[in-house]
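I have placed the structure first, in the form of structure tokens, so that the comments after it can refer back to it.
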Amino acid sequence: MIKKMLSYFSKVFVVLFALTASSVYAQANYPSKPIRLIVPWGPGGGADIMGRLVGRWLETDLKGTVVVMNQPGATGSIGLRKLVDEGADGHTLGVLTGDTLTLGAFPEQLFNVSNTVALGIMIRQPSGLFARFDGPFKTWDDVIAAAKAKPRSINVAITGPNSPDELTIKYLETKGLKMATVPYAKPGERFVAAIAGHVELLYEQAGDLKAHIESKKLRPLIFFDNKRAPEPFANVPVSADYGYEVLLPQTRSILAKKGIDQRIIDRISDSLNRYSKTPEFANYLRDQYALPDSFVGAKDAQKFLENEVASFKKILEIVNKK
């Protein structure tokens, strides 16, 4: 009897040891090849900047190689579909923006966030509408007056269809403002369109436009938030000032394919958590005019994204009722 018990416990010990050794081995040997970080937008925009910062950190912290790949198209869904199709071993990651996230509110989309797992929400920023600095619009009230009086719609540069950009403009149309969206997949083209006067307004986040704001090429007219931003935007009105219910802040997250080894998920998410506590990351958030508590760790990130999709669906219902 004693021999049988010793034999049983020996087997249990061997199994536990093997599992522990396997876990340690998997973490110690990840990454075993270069990591591809897919940025599903063109170079130069906020998603690209964030992706490259995270890529450099992961290279140093995980002691591997990270290759950042720009693959724009279809409001970010083409690049993230590549993540879902090819990311089973954890060596392909992706950058998810709020623009692509909200596609989950529509049926039969190329990408759905339910096929991925969030490793961390890196940044959260209120979005806003901007106009050419020397153009006719100096305040949001100027826009309201023109949008109600003009025989034609005001053109607004956005990222793409079914995005928070488009839905926000459709929401404003329910308030009697005549507006039309003009999609630009590449951030640089979107910015130039507003600066050159090809469109009258631009939907964007202030951090992505910092150089253009400081050089007095673009001015913010309104932010979609509940409270006013600190300086230098303390005098810029927010949607709450006008009773607008639409908020839809920009978020940028790091994703992996759902179902990959949990030990790899833990390794990457722990690394991102360490990065969120660095002076470099704090400076990045300040530079982007982002919320100082932007980071949401893997434990709560997935629920956070699901709540964002729910908020989007609520605004979509308001728009559809009109």
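In this text, all values refer to a predicted model and were calculated from it rather than measured experimentally. When reading the values below, keep in mind they use all heavy atoms of this one structure, side chains included, and skip hydrogens, waters and symmetry mates.
- Under 4.0 Å is where a charged nitrogen must lie from a carboxylate oxygen, and between D48 and R52 at least one such pair does.
- Of the N and O atoms on the side chains of T139 and D141, not one donor lies less than 3.5 Å from an acceptor on the other residue.
- Two residues are said to be in side-chain contact when any heavy atoms from C-beta on lie closer than 4.5 Å; T168 and L248 meet this criterion.
- Side-chain contact of Y30 with D89: a donor-acceptor pair under 3.5 Å is absent, judged by distance alone.
- Note: the hydrophobic cluster containing V66 does not contain L96 (ILVMFWY, side chain heavy atoms under 4.5 Å, direct or indirect links).
- Between K82 atom NZ and S77 atom OG the span is 14.0 Å, to the nearest 0.5 Å.
- Remark: the backbone N or O of R56 is paired with a side-chain donor or acceptor of T60 at under 3.5 angstrom.
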Dump the intermediate steps for side-chain contact (heavy atoms from CB on, under 4.5 Å) on M50 and I254, then the final yes or no.
-> CA-CA 10 Å; M50 192 273 285; I254 301 297; 4.2 Å; yes
Residues I213, R219; criterion side-chain contact (heavy atoms from CB on, under 4.5 Å); working and verdict = CA-CA 6 Å; I213 294 171; R219 71 167 77 238; over 6 Å; no
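- One N or O on the side chain of K257 and one on the backbone of V84 form a donor-acceptor pair closer than 3.5 Å.
- In this structure the side chain of V238 never reaches within 4.5 angstrom of the side chain of K227, judged on heavy atoms.
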side-chain contact (heavy atoms from CB on, under 4.5 Å) assessment of V156 paired with L172 | CA-CA 12 Å; V156 185; L172 293 175; over 6 Å; no
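- A donor-acceptor contact shorter than 3.5 Å links the side chain of S311 to the backbone of N307.
- In this structure, R190 contributes its side chain and Y184 its backbone to a donor-acceptor pair below 3.5 Å.
- Residues N155 and E200 have side chains in contact (heavy-atom distance under 4.5 Å, counting atoms from C-beta outward).
- Between the CD atom of Q205 and the CZ atom of F224 there is a distance of 11.0 Å, given to the nearest 0.5 Å.
- Across all non-hydrogen atoms, the minimal contact from K138 to G135 is NZ-O, 2.8 Å.
- In this structure, L83 and F111 have side chains that are not in contact, with every pair of non-hydrogen atoms separated by 4.5 Å or more.
- With hydrogens and angles disregarded, no donor-acceptor distance shorter than 3.5 Å links the side chain of D300 to the backbone of V296.
- L101 and L167 fall into different hydrophobic clusters, defined by Ile, Leu, Val, Met, Phe, Trp and Tyr side-chain heavy atoms under 4.5 Å apart, directly or through other members.
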Evaluate the side-chain contact (heavy atoms from CB on, under 4.5 Å) criterion for residues L285 and F295: first the C-alpha distance (whole Å), next the side-chain angles of each, then the deciding distance (0.1 Å), finally the verdict.
-> CA-CA 10 Å; L285 294 180; F295 182 76; over 6 Å; no
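- When side chains are defined from C-beta on, P72 does not count as touching I78, because their heavy atoms never get closer than 4.5 Å.
- Scanning all heavy atoms of the two residues, the minimum distance from P31 to G64 falls at CG-CA, 3.9 Å.
- In this structure a side-chain-to-backbone donor-acceptor pair under 3.5 Å is missing from S127 to E204.
- Within a 6.0 Å radius of NZ in K210, other residues, nucleotides and ligands contribute more than 12 heavy atoms.
- A donor-acceptor contact shorter than 3.5 Å links the side chain of Y171 to the backbone of E245.
- Residues P161 and T75 are in side-chain contact: their nearest non-hydrogen atoms beyond the backbone lie under 4.5 Å apart.
- Follow the hydrophobic side-chain contacts under 4.5 Å out from V68 and you reach L119 in the same cluster.
- Residues I222 and V143 have side chains not in contact (no heavy-atom distance under 4.5 Å, counting atoms from C-beta outward).
- Between Y244 and Y242, the ring-plane angle classifies as parallel under the 30° and 60° cut-offs.
- E166 contributes a side-chain N or O that, together with a main-chain N or O of N162, makes up a donor-acceptor pair within less than 3.5 Å.
- What you find for S163 and I158 is that their closest heavy atoms are OG-CD1, 4.4 Å.
- Formation of a donor-acceptor pair under 3.5 Å by the D61 side chain with backbone atoms of W57 is not found in this model.
- E308 has no carboxylate O lying under 4.0 Å from a charged side-chain N of R124, or vice versa, which leaves the two without a salt bridge.
- Between T181 atom OG1 and I154 atom CD1 the span is 13.5 Å, to the nearest 0.5 Å.
- You'll find the side chain of F133 stays beyond 4.5 Å of the side chain of K217, heavy atoms only.
- Heavy-atom minimum distance, P187 versus P43: CD-O, 4.5 Å.
- In this structure, OH in Y289 is found 10.0 Å from CG in L209, a value given to the nearest 0.5 Å.
- Residues P126 and F223 come closest through the heavy atom pair O-CD2, 4.5 Å.
- A distance of 10.0 Å separates CG in L221 from CG in L202, rounded to the nearest 0.5 Å.
- Salt-bridge annotation for D134 and K216: absent, with no side-chain N of the basic residue lying under 4.0 Å from a carboxylate O of the acidic one.
- Each of V236 and Y203 belongs to its own hydrophobic cluster when Ile, Leu, Val, Met, Phe, Trp and Tyr are linked at side-chain heavy-atom distances under 4.5 angstrom.
- Donor-acceptor pairing under 3.5 Å is recorded for the side chains of E280 and Y275.
- Separation of atoms CG (L177) and CD1 (I144) is listed at 6.0 Å; rounding is to 0.5 Å.
- Looking at R252 and D208, a side-chain N of the basic residue comes within less than 4.0 Å of a carboxylate O on the acidic one, giving a salt bridge.
- Residue S271 comes nearest to L58 through the heavy atom pair OG-CD2, 3.4 Å, listed as atom of the first residue, atom of the second, then distance.
- Within 6.0 Å of atom NZ in K314, 12 or fewer heavy atoms from other residues, nucleotides or ligands are found, so the atom counts as exposed in its surroundings.
- Hydrophobic clustering (ILVMFWY, side-chain heavy atoms < 4.5 Å, transitive): V54 and I264 are in one cluster.
- Without hydrogens or angle criteria, H91 side chain to S32 main chain gives a donor-acceptor distance under 3.5 Å.
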